[in-house]
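Please read the structure below before turning to the comments.
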Amino acid sequence: MSDLYHPLILKHSREPLHFHERKDAEIILDAYNPICGDDYKIYLDLVDDHLEALSFDGYGCAVSKASASLLAQKLGGKSRGEAHKQLQRFLEMVTGSGTMIDEDLAVFAMAKKYPGRITCVTLAWQALDEFLSQHA
Amino acid sequence: MSDLYHPLILKHSREPLHFHERKDAEIILDAYNPICGDDYKIYLDLVDDHLEALSFDGYGCAVSKASASLLAQKLGGKSRGEAHKQLQRFLEMVTGSGTMIDEDLAVFAMAKKYPGRITCVTLAWQALDEFLSQHA
Amino acid sequence: MSENLVWDVDRIRADFPIFDRTPHIYLDNAATTHKPASVIKAITDFYEMHNANVHRGIYHLGSAASQRYAEARSTVADFIGAQASEIIFTAGCTDSINLVAFGLIDNKLSEGDTIVCLASEHHANLVPWQEVARRNNVQLKILHLTDLLDLDLTQAYSFIDRNTKLVAIAHTSNVTGARYPIEEVIAHSHKMGAMVLVDAAQALLSESVNVQDLGADFLAFSGHKMLGPTGCGVLYGRPEHLEQMQAIRFGGDMIRRVEYDQSTFAAAPRRFEAGTPPIAAVIGLAKAVDYINRVGVKAIADHSKALTVAAQELLTEEGFAVLGRPKHRGPILSFSHSRIHPHDLASILDERGIAIRAGHHCAQPFLKHLGLMATARVSFSLYNTHAEIESLGEGLRHAKALLL
Amino acid sequence: MSENLVWDVDRIRADFPIFDRTPHIYLDNAATTHKPASVIKAITDFYEMHNANVHRGIYHLGSAASQRYAEARSTVADFIGAQASEIIFTAGCTDSINLVAFGLIDNKLSEGDTIVCLASEHHANLVPWQEVARRNNVQLKILHLTDLLDLDLTQAYSFIDRNTKLVAIAHTSNVTGARYPIEEVIAHSHKMGAMVLVDAAQALLSESVNVQDLGADFLAFSGHKMLGPTGCGVLYGRPEHLEQMQAIRFGGDMIRRVEYDQSTFAAAPRRFEAGTPPIAAVIGLAKAVDYINRVGVKAIADHSKALTVAAQELLTEEGFAVLGRPKHRGPILSFSHSRIHPHDLASILDERGIAIRAGHHCAQPFLKHLGLMATARVSFSLYNTHAEIESLGEGLRHAKALLL
Ligand SMILES: Cc1ncc(COP(=O)(O)O)c(C=O)c1O
Ligand SMILES: Cc1ncc(COP(=O)(O)O)c(C=O)c1O
């Protein structure tokens, strides 16, 4: 068995959640990795300071797709502050030494062993982080 | 004793022959080495196809000065063809495998052991060679 | 070619220390090749015995370094049938192409001129021309490929016309491995009065290249893709072009006479080598050329070709689509699968110690034009084996089992 | 500083294999330094164990190479008190200066602007500015030195004015060894709205340099002059300048998105590193920095300084004229003799195994201005000894006996 390709990741990559285009979304974010070509759009509305109708579509590897799928699942409906806190904790776990309470997200901790794939794990999260940081 | 600083070379560098400026010379050649800054002018007239009133002045090391002095001494008054033949033989000896009949000039054969100084030995000769080749 | 008879791959592999020290299956030779012990030793020897700057030292170490550097130029020149004075050492293939773009073509363009690039060019042979075209307000025309991803000469002949100033074309595509009919393109371009720059980054281990036979105006390549060190590349240029080409980097060693208000510059190739060059890398590159000559370009090419053919069969059998069917191919194959992302494939193979490339191979617009964002790529060199291709097959089957 | 007590030069020398393999007295450290075993080993290890291209590989070797390359950037950044994102790896100091000249200043000049260069600048920090000035039809002003060949601040303050766009100045002159008062020049230049590029090629082993303390806008240097390999250099730039600076080399790795008709480029420092970088050299440079940090810049500087003082005494005693009497001096001395040509001196010393430099030191107009065509130059580093200076003395006496 592969460390990187945990069953949960494989499941989310085969059947991603909230995987659909939404051209009339209030906010559309680019999650693009020029090095590898992975290219997603993230769609959301800000309603009462909450991330509503969070979805994504685009093209990428199993890892980036599963990671975006889990982002949509876990952060959709959250308040801006709460979402930002969660995603920063996620980024810390993947790139640094943090840990994660959410069991599903903790699956991505092994990405640290695959430095070439960290950008796949963080792609969607970083795009949302950038947006939330700029519009805090 | 030094191999490069043969007594003849030292003599010619201390008291170079035909070492004087001649602004009204028919032909004035630049013998300049941009790498080290050695910078001579060679003066001559072409009279009946002979190299007349060959002299030089300028600034350079003992080796380049001695070599220019010997050039002036040995080639002055020679016919163009004869001068060209002699100087090409000299250049061959210094840079390749030729030998020299002229005992004085043969002293420069040891320059081969000092690749960093070959340009000093050939500076004046190459300038004259270039001129004679272009005006053959 | 049978590995056991003429080609003793084990002996070859023994020349490459990395296989001993870090065992792995390396199928990314188009990105960079591994280095034989003789090349590594040349670098070590330089620093341990011969270290000095070039061009300037009267003392023994200094003039010996200059001599080694000059000899390296001759070695590289001989290798491609050029004169030493036609060889410029650069920082790499990218640097070589940029030198032509900004040292020559940028000064030569006028209204109505065009530059022609092949659709599959590496960014290094596309983006500089975009920039030159933009600055001069001329058109950069992209010559698209056939459905087989080969170059259609008839189309090229009508595309390259009297307005074309320069044709920028790869000898061998780093994406598909296509070996393009550059001889014909060069002949036609010259008839039209256009210069041709050949990007030979992927060429020199897959066939013996002779600039005289090719007739190319410029040939650019990198040392690190031909068993040499990183940090140096080569630009060959025809002397009449080099004479006209202007320096784009200014400093020591490229000058003739410097005064405070103006300077004059040295002749080629020196004019284009400002500052201390990558001395050790250049000396290492010459050693790489010696090594290649000793083994023989043809033997290397034949071996790599046999592996490429075997890999192509394997990939097709396993349900992967190999990109393009060009008439001639170097030892490079790109491939894809409708339901497996190349990055995932590369990661899964990596867990089995197999290094392949996945991505856009610095040819974003080409892949996009083909409707792809990335492909997987394998590329072979002299030290690869048929056993490694079998391992690749196992890896592919494992990936399919995992991901499908 | 006493060699026997704090500074064990024999132990230092043992770190430099060249003294074992090719015994000689090396007094041309300003041209290039020798390399410690750890630097050579880092290069060997890279090729023997870690070889791969950077930025692109998903497989283990590839991402490890990228990581090493990134770590090297941090190591070098730390060394000069900068952030990693402010460090651009180039082909060398010359390349670094040219990048600022043509990537930034060339686009910023308008009528009436001036560029100021010190009279003693190396061609690498003079000729690019000449070229930029010529292209933009602005004036390149030369700030001449005092009779002691030092910089006169009062003069500099009136010379650098509100029209000055850029001041190009060496930290330490490679000709005289003068350590110029760049802090004051920078402070004044900033008041006038001018940027300052500091050529630190000769700086990093003679004092600890911190870009924050200095306040320099740009700092350029070469790896090979600070115990590192040939083939790589560094440009530090303040982030706000790097943001405005445009690429001058185009190709892979420096792009963000490439389409056939246009491209967008990556952020600094990546935007300025097109193509495969000199990976092994960069990794070697980081090892050189580690070595320097371990020995200590101050200890190296103190030792070199003591040798410089001793050499200056010796030269004066032997009747040679040492060029300049600047207030502060790095470990470099140029000298001349009315009746001994520097080349002859260098050759005669070479026959005794002593390597010194003779020539114009890539500062032709400066020497010419001083009425000289060439000087002899000695420059010291951590591995030189007082015994070597005694040998130099014997060599000088021998030369005088032969030539006078
Ligand atoms: C003061 C100074 N600036 C610039 C340079 C150029 O460095 P490089 O030749 O490594 O590009 C040198 C070295 O010769 C130097 O001494
Ligand atoms: C076809 C082609 N051209 C140009 C390049 C650029 O070479 P380098 O990165 O060594 O400058 C490459 C290598 O990536 C290539 O494959």
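Because only heavy atoms are used, hydrogens play no part in the values below, and waters and symmetry mates are left out as well, while side chains stay in. A, B, ... follow the sequence lines: proteins, then strands. Residue 1 opens every chain.
D:His361 does not touch chain C: none of its heavy atoms, backbone or side chain, sits under 4.5 Å away. Of the two parts of D:Arg134, neither the backbone nor the side chain holds a non-hydrogen atom closer than 4.5 Å to a non-hydrogen atom of chain C. For D:Glu131, the part sitting under 4.5 Å from any heavy atom of chain C is the side chain, from C-beta outward, and nothing else. Both the backbone and the side chain of C:Ile279 come within less than 4.5 Å of a heavy atom of chain D. Contacts between D:Ala52 and chain C at a heavy-atom distance below 4.5 Å involve the backbone alone (N, CA, C, O). Proximity to chain C (any heavy atom under 4.5 Å) is restricted, for D:Gln262, to the backbone atoms N, CA, C and O. Proximity to chain C involves both the backbone and the side chain of D:Phe366, based on heavy atoms less than 4.5 angstrom apart. For chain C, the nearby part of D:Ile356 is the backbone; its heavy atoms alone come within less than 4.5 Å. Only the backbone of D:Asp261 comes within contact range of chain C, with at least one heavy atom under 4.5 Å from a heavy atom of that chain. In this structure, chain C has no heavy atom under 4.5 Å from any part of D:Leu349. With a 4.5 Å cut-off on non-hydrogen atoms, D:Pro128 touches chain C through its backbone and its side chain both. Looking at D:Ser222, neither its backbone nor its side chain comes within 4.5 Å of chain C, counting heavy atoms on both sides. Within the 4.5 angstrom heavy-atom criterion, only side-chain atoms of D:Gln130, from C-beta onward, approach chain C. Heavy atoms of D:Leu61 lying under 4.5 Å from chain C belong exclusively to its side chain. For D:Tyr47, the parts lying under 4.5 angstrom from a heavy atom of chain C are both the backbone and the side chain. Neither the backbone nor the side chain of C:Ala133 comes within contact range of chain D; no heavy atom of the residue lies under 4.5 Å from a heavy atom of that chain. Only the side chain of C:Phe265 comes within less than 4.5 Å of a heavy atom of chain D; its backbone N, CA, C and O stay farther away.
The candidate with the highest count of non-hydrogen atom pairs below 4.5 Å against chain C, out of D:Thr94, D:Asn98, D:Asn125, is D:Asn98. Interface check for chain C: of the options D:Gly359, D:Cys117, D:Ala119, D:Ala247, the most heavy-atom pairs under 4.5 Å are formed by D:Ala119. Among C:Ala355, C:Gly231, C:Pro277, the residue with the largest count of heavy-atom pairs under 4.5 Å with chain D is C:Ala355. Interface remark: of the candidates C:Val39, C:Asp350, C:Leu99, C:Asp350 forms the most heavy-atom pairs closer than 4.5 Å to chain D. Chain C forms the most heavy-atom pairs under 4.5 Å with one residue out of D:Met254, D:Arg257, D:Gln139, and that residue is D:Arg257. Most heavy-atom pairs under 4.5 Å with chain D, from the set C:Gly92, C:Pro229, C:Ala91: that is C:Pro229. Of the listed residues (C:Glu259, C:Arg21, C:Arg249, C:Lys35), the one with the most heavy-atom contacts under 4.5 Å to chain D is C:Arg249. The most heavy-atom pairs under 4.5 Å with chain C, out of D:His343, D:His369, D:Glu121, D:Lys41, come from D:His343.
Residues meeting the ring pair (Phe, Tyr, Trp, His ring centres under 6.0 Å) test with D:Phe19, sequence neighbours left out: D:His24, D:His34, D:Tyr383.
C:Tyr59 contributes no side-chain N or O that, together with a main-chain N or O of D:Ile354, makes up a donor-acceptor pair within less than 3.5 Å. Using modelled atom types, one side-chain atom of C:Thr230 and one backbone atom of D:Ala280 make a donor-acceptor pair closer than 3.5 Å. Although no hydrogens or angles enter the test, the distance criterion places no donor-acceptor pair under 3.5 Å between the side chain of C:Asn53 and the main chain of D:Thr32.
Counting only heavy atoms from C-beta outward, the side chains of D:Val258 and C:His123 approach each other to under 4.5 Å.
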task = Before giving the answer on side chain to side chain donor-acceptor pair (under 3.5 Å), spell out for D:Thr22 and C:His50 the whole-Å C-alpha distance, their side-chain angles and the decisive distance to 0.1 Å.
result = CA-CA 8 Å; D:Thr22 308; C:His50 312 305; 5.4 Å; no
Could you go step by step and tell me if C:Ile58 and D:Arg357 meet the side-chain contact (heavy atoms from CB on, under 4.5 Å) rule?
CA-CA 7 Å; C:Ile58 284 172; D:Arg357 170 104 343 187; over 6 Å; no
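When all heavy atoms of D:Thr33 and C:Asn51 are compared, the closest pair comes out as O-ND2, 3.0 Å. The minimum heavy-atom distance linking D:Ser263 with C:Val127 is given by the pair OG-CG2, 4.1 Å. Residue D:Gly252 comes nearest to C:Cys362 through the heavy atom pair CA-SG, 4.0 Å, listed as atom of the first residue, atom of the second, then distance.
Taken to the nearest 0.5 Å, the CG atom of C:Asp95 stands 7.0 Å off from the CG atom of D:Asp95.
Among the candidates C:Lys368, C:His144, C:Lys141, the single residue satisfying the side chain to side chain contact (heavy atoms under 4.5 Å, CB included) test with D:Tyr260 is C:His144.
Taking the six-membered ring where the residue is Trp, C:Phe250 and D:Phe102 present tilted rings, their angle falling between 30° and 60°.
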